[in-house]
Amino acid sequence: MSKTVGDILIGVLDDLGEADLKKFRRKLCDRKQEPKVRRGIVEKADPVDLVDILTRTFTEDGAVNVAIEVLGAINCQDVAEELTEFKKSYFTAQGSCVTSGDAMASATGPKMNKDKHFVDHHRTALIDRVSQVEPLLDRLQGSGIITPNTYSEVRANRTNQKKMRELFDGPLKACGSKGKDIFLDILMELEPFLIRDLKGE
């Protein structure tokens with residue numbers, strides 16, 4: 001079953017950590033635009049309750065926009081960008097927005113632009129949608145992208161999403177563009193339909 005907007009938002013807020021989550025709640029209540037969120041209802045809200053409040057107050061599409069805005073305001077830019085990419089891919093798939101020809105054309109190469117690798121550009125979709133994580137880890141270890149220790153640490157995570165997120169935050173951040181090219185080649189072999197979908201083919 002594919003993930004909903006609520007699932008993604010819960011995952012994002014769950015990963016923030018208590019200090020950033022507290023800032024998120026405060027900044028959410030400080031927004032000037034309507035509708036406003038009262039401090040009393042979010043003060044002790046956990047990520048699940050917080051997402052429920054966001055989607056009830058702003059609708060699904062609006063909840064993502066507000067979350068991106070608030071994450072940017074509390075200096076969680078990486079997560080805000082991740083959520084922005086998810087929004088583009090999710091609402092395009094739902095028919096809620098149209099990808100421009102230029103954007104679609106740029107999605108066909110291994111790099112989206114000269115600064116950002118394809119796997120970084122599609123970080124959120126890959127974290128969310130890669131299902132062959134165990135075979136991926138086996139091949140990454142075999143090609144030297146990850147060490148046996150890292151292999152064990154990543155595998156210890158309970159869900160595929162947590163495993164993929166740890167891969168992105170650790171080995172893939174350190175391995176540079178050549179390592180990411182190898183990672184992408186392995187994904188093209190294990191998840192051909194997913195990669196073709198992300199490339200717009």
Side-chain angles (χ1 to χ4, degrees), residues 2-3 8 11-12 14-17 20 64 67-68 71-72 74-93 97-201:
S2 60
K3 293 208 161 199
I8 295 296
V12 165
D14 218 16
D15 285 344
L16 281 185
D20 282 334
V64 176
I68 291 167
L71 286 165
I74 63 170
N75 296 319
C76 292
Q77 293 296 346
D78 286 350
V79 188
E81 283 177 25
E82 196 178 310
L83 206 46
T84 302
E85 288 310 317
F86 162 75
K87 181 189 163 190
K88 285 181 194 166
S89 60
Y90 181 85
F91 289 107
T92 299
C97 63
V98 178
T99 304
S100 72
D102 288 344
M104 191 64 84
S106 71
T108 57
K111 296 189 180 182
M112 302 304 294
N113 57 48
K114 58 187 172 188
D115 298 320
K116 205 165 191 181
H117 196 283
F118 178 90
V119 299
D120 293 322
H121 189 85
H122 291 291
R123 173 190 161 106
T124 303
L126 292 171
I127 288 171
D128 185 38
R129 295 171 62 185
V130 169
S131 58
Q132 302 288 323
V133 179
E134 302 290 332
L136 172 63
L137 291 173
D138 291 337
R139 294 181 195 210
L140 287 172
Q141 185 180 353
S143 60
I145 301 294
I146 61 175
T147 64
N149 278 349
T150 303
Y151 176 89
S152 301
E153 286 167 9
V154 174
R155 277 199 72 202
N157 286 286
R158 288 192 317 250
T159 66
N160 282 345
Q161 286 74 28
K162 286 183 183 292
K163 290 173 186 172
M164 288 297 293
R165 194 170 280 114
E166 185 160 337
L167 264 182
F168 269 96
D169 290 343
L172 284 180
K173 192 178 275 189
C175 70
S177 61
K178 285 188 180 175
K180 287 172 186 173
D181 288 342
I182 294 169
F183 176 73
L184 180 57
D185 288 341
I186 295 169
L187 278 179
M188 286 170 75
E189 189 181 334
L190 293 174
E191 306 265 4
F193 294 106
L194 168 59
I195 300 304
R196 281 164 59 188
D197 181 45
L198 294 178
K199 287 184 174 184
E201 293 176 4

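- Note that CG of Leu184 and CD of Glu189 are 12.0 Å apart. Values are rounded to the nearest 0.5 Å.
- Nearest heavy atom pair, residue Ala80 against residue Gly72, reads CB-N, 4.1 Å.
- For the atom pair CG of Leu83 and SG of Cys76, the computed distance is 11.5 Å after rounding to the nearest 0.5 Å.
- What you find for Pro171 and Glu166 is that their closest heavy atoms are CD-O, 3.7 Å.
- Looking only at side-chain heavy atoms (C-beta outward), Asp20 and Asn75 stay at 4.5 Å or farther from each other.
- Side-chain contact between Leu187 and Val130: present, with at least one pair of heavy atoms (C-beta onward) separated by less than 4.5 Å.
- Side-chain atoms of Thr150 do not come within 3.5 Å of backbone N or O of Ile146 as any donor-acceptor pair.
- A salt bridge does not link Arg123 with Glu85: none of the charged nitrogens is closer than 4.0 Å to a carboxylate oxygen.
- By the 4.5 Å heavy-atom criterion applied to side chains, Met164 and Val133 are counted as neighbours.
- One distance of note links OG1 of Thr84 with CD of Gln77; it measures 9.0 Å at 0.5 Å rounding.
- Considering all non-hydrogen atoms of both residues, Gln132 and Leu190 come closest at CG-O, 3.9 Å.
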Working for side-chain contact (heavy atoms from CB on, under 4.5 Å), residues Leu126 and Ile195 = CA-CA 9 Å; Leu126 292 171; Ile195 300 304; 4.1 Å; yes
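- Using a 4.5 Å cut-off on side-chain heavy atoms (C-beta onward), Phe118 and Lys180 make no contact.
- Screening Asp15, Asn160, Asp128 for a side chain to side chain donor-acceptor pair (under 3.5 Å) with Arg165, the sole residue that qualifies is Asp15.
- Environment of CG in Asp78: sparse, with no more than 12 heavy atoms of neighbouring residues, nucleotides or ligands closer than 6.0 Å.
- Remark: Glu82 CD to Leu71 CG distance equals 10.0 Å, nearest 0.5 Å.
- The shortest heavy-atom contact between Ala125 and Leu198 is CB-CD2, 3.7 Å.
- Annotation for Leu137 and Arg155: closest pair CD1-CG, 3.5 Å, computed over non-hydrogen atoms.
- With salt bridges taken as basic N to acidic carboxylate O contacts below 4.0 Å, none links Glu191 and Arg129.
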Any chance you could lay out the side-chain contact (heavy atoms from CB on, under 4.5 Å) test for His122 and Lys199, step after step, and finish with the verdict?
-> CA-CA 10 Å; His122 291 291; Lys199 287 184 174 184; over 6 Å; no
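- The shortest distance between side-chain heavy atoms of Ile186 and Ile145 does not fall below 4.5 Å.
- At a threshold of 4.5 Å between non-hydrogen side-chain atoms, the residues Ile127 and Phe168 count as touching.
- Summarising the geometry, atom CG belonging to Leu167 is positioned 5.5 Å from atom CG belonging to Leu172; distances are rounded to the nearest 0.5 Å.
- Residues Asn157 and Lys163 come closest through the heavy atom pair O-CE, 3.0 Å.
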